[in-house]
2 protein chains.
Amino acid sequence: MKLSKRSKYGLLALIDLAARKDSAPVRLKELAKRNNIPVKFLEQIFVTLRNSGIVHSQIGAGGGYALGRPAKYIMVGQVIRILDGTIAPVSCISKIAYEPCTCPDERTCPVRAVMNRVRDSIVAVIDNTSLADAAAQNKPQRQRA
Amino acid sequence: MKLSKRSKYGLLALIDLAARKDSAPVRLKELAKRNNIPVKFLEQIFVTLRNSGIVHSQIGAGGGYALGRPAKYIMVGQVIRILDGTIAPVSCISKIAYEPCTCPDERTCPVRAVMNRVRDSIVAVIDNTSLADAAAQNKPQRQRA
DNA sequence: TAAATTCCCAGTAAAGTAGTAGGAATTATA
DNA sequence: TATAATTCCTACTACTTTACTGGGAATTTA
């Protein structure tokens with residue numbers, strides 16, 4: 001049930017982008033440094049994100065990355081699916097990456113039934129949380145003692 | 001976000017046990033065959049389950065495994081934790097296997113915050129579904145066209 | 001032209017996953 | 001008591017995934 005570093009790093013950097021007011025391109029080096037991520041690894045991650053349209057890039061000196069659309073329209077779930085592949089805990093319930101499993105009868109498989117509910121509950125969170133939501137929730141922390 | 005085969009196989013076999021009326025020990029061979037699981041692999045899994053008290057075993061001819069307590073008191077979540085380790089998508093929110101992560105500030109880390117909610121939603125499902133529930137829900141299927 | 005940046009491809013060490021293999025210990029039954 | 005059936009235990013292994021690292025080409029700004 002683990003989130004890969006790819007997704008974790010990707011989300012951290014994207015949320016960092018989302019927290020900015022202007023949409024000027026930000027250098028990868030800066031994103032990496034601020035979030036304590038190996039630069040070359042983040043580079044790979046951002047190429048993938050760019051190919052999916054999550055960010056767009058500006059090459060050359062003074063270049064960098066910016067979000068491809070407003071942060072409130074980029075869902076955490078979408079980022080994870082792009083970077084990690086499917087969300088489904090077992091491949092036999094995935095819509096985008098279905099693969100049959102080895103259980104005797106998929107239609108009555110009780111593990112499949114439970115995992116279906118697990119998947120739904122995960123999706124309910126990550127597909128309803130945008131980068132903007134995520135960026136907002138660490139700033140105005142709920143009151144504390 | 002994947003469930004390992006270990007957990008999947010373990011759950012399948014346990015739910016199979018849970019679906020039986022009598023509590024006579026069942027041979028591993030039979031459990032493996034019925035659920036299409038490599039015997040030797042299932043053997044390893046059941047040794048772990050036995051060490052955790054989920055099942056108890058009877059050695060020798062005519063021996064086998066039986067649930068350690070009634071199926072309604074064994075939660076799917078407990079089995080997964082035993083076989084796969086922690087549930088938490090990131091180790092920095094795990095109570096049983098906490099490890100610091102690399103983000104600049106764990107207290108305000110937005111990824112951590114989202115993953116906390118993901119973890120809670122997963123746990124809400126798997127810690128409220130017993131083996132008995134799982135065994136029951138494939139038999140009396142909700143009405144179908 | 002020089003510096004700064006993204007882009008692209010390849011390699012790699014370590015860990016995790018999903019098993020296999022072989023045999024010792026224990027027990028029921030004939 | 002012998003035999004067959006079973007669990008128990010340890011070790012090994014092939015494969016895949018993860019998390020990087022390295023080198024350099026292409027592009028743009030100044």
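Chain identifiers are assigned alphabetically (A, B, ...) following the order of the sequence lines, protein sequences preceding nucleic acid strands; residue numbering begins at 1 within each chain.
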Name the nucleic acid region contacted by B/Tyr65, choosing base, sugar-phosphate or nothing; use a 4.0 angstrom heavy-atom cut-off, strictly under. sugar-phosphate
Is the closest side-chain donor-acceptor distance between A/Thr48 and A/Asn51 under 3.5 Å? no
Reckon A/Gln58 touches a base, only the sugar-phosphate, or nothing at all at heavy-atom distances under 4.0 Å? sugar-phosphate
Can you see whether A/Thr102 engages B/Asn36 through a side-chain donor-acceptor pair at a distance of less than 3.5 angstrom? no
Can you figure out which of D/dT7, C/dT5, D/dA5 approaches the side chain of B/Ala61 most closely? D/dA5
Here the distance between atom C1' of C/dG11 and atom CD of A/Gln44, to the nearest Å, is 11 Å
Take the protein atom CD1 of B/Ile45 and the nucleotide atom C1' of D/dC9, then report the distance between them rounded to whole Å. 16 Å
Does A/Lys40 reach a base, just sugar-phosphate, or nothing at all? Heavy atoms under 4.0 Å. base
Walking DNA chain C from its 5' end, the first of A/Ile59 and B/Gly63 to be reached, judged by nearest nucleotide, is A/Ile59
Considering only D/dC8, D/dT6, C/dA18, which nucleotide approaches the side chain of B/Arg27 most closely? D/dT6
Can you work out whether B/Gly60 or A/Tyr9 has the more 5'-proximal nearest nucleotide on DNA chain D? B/Gly60
What does A/Glu43 touch in the nucleic acid at a heavy-atom separation under 4.0 angstrom: a base, only the sugar-phosphate, or nothing? base
From the set C/dT6, D/dT6, C/dC7, return the single nucleotide nearest to any side-chain atom of A/Val47. C/dC7
Integer-rounded Å distance: D/dT7 P and B/Phe41 CZ: 17 Å
Would you kindly give the CZ-to-P distance between B/Phe46 and D/dT6, to the nearest whole Å? 15 Å
Where the side chain of B/Lys5 is concerned, which of C/dT5, D/dT6, C/dG19 is the nearest nucleotide? C/dG19
Give a yes/no on whether any side-chain N or O of A/Ser57 is located under 4.0 angstrom from OP1 or OP2 of C/dC7. yes
For D/dA19 and A/Arg6 - does any side-chain N or O of the residue sit under 4.0 Å from the phosphate oxygens OP1/OP2? no
CG of A/Leu49 versus C1' of C/dC7: gap in Å, rounded? 14 Å
Rounded to the nearest angstrom, tell me the gap between atom NZ in A/Lys8 and atom C1' in D/dT18. 14 Å
Without decimals, in angstroms, what is the distance between B/His56 NE2 and D/dT7 P? 14 Å
What I want to find out is whether B/Glu43 reaches B/Lys40 closely enough, with some N-O distance under 4.0 Å, to be called a salt bridge. yes
B/Tyr73, OH: over 12 other non-hydrogen atoms inside 6.0 angstrom: no
In this structure, how many angstroms lie between the C1' atom of C/dC9 and the CG atom of A/Asn51, rounded? 14 Å
Determine, for B/Arg81 against B/Asp127, whether the closest basic-nitrogen to carboxylate-oxygen distance falls under 4.0 angstrom. yes
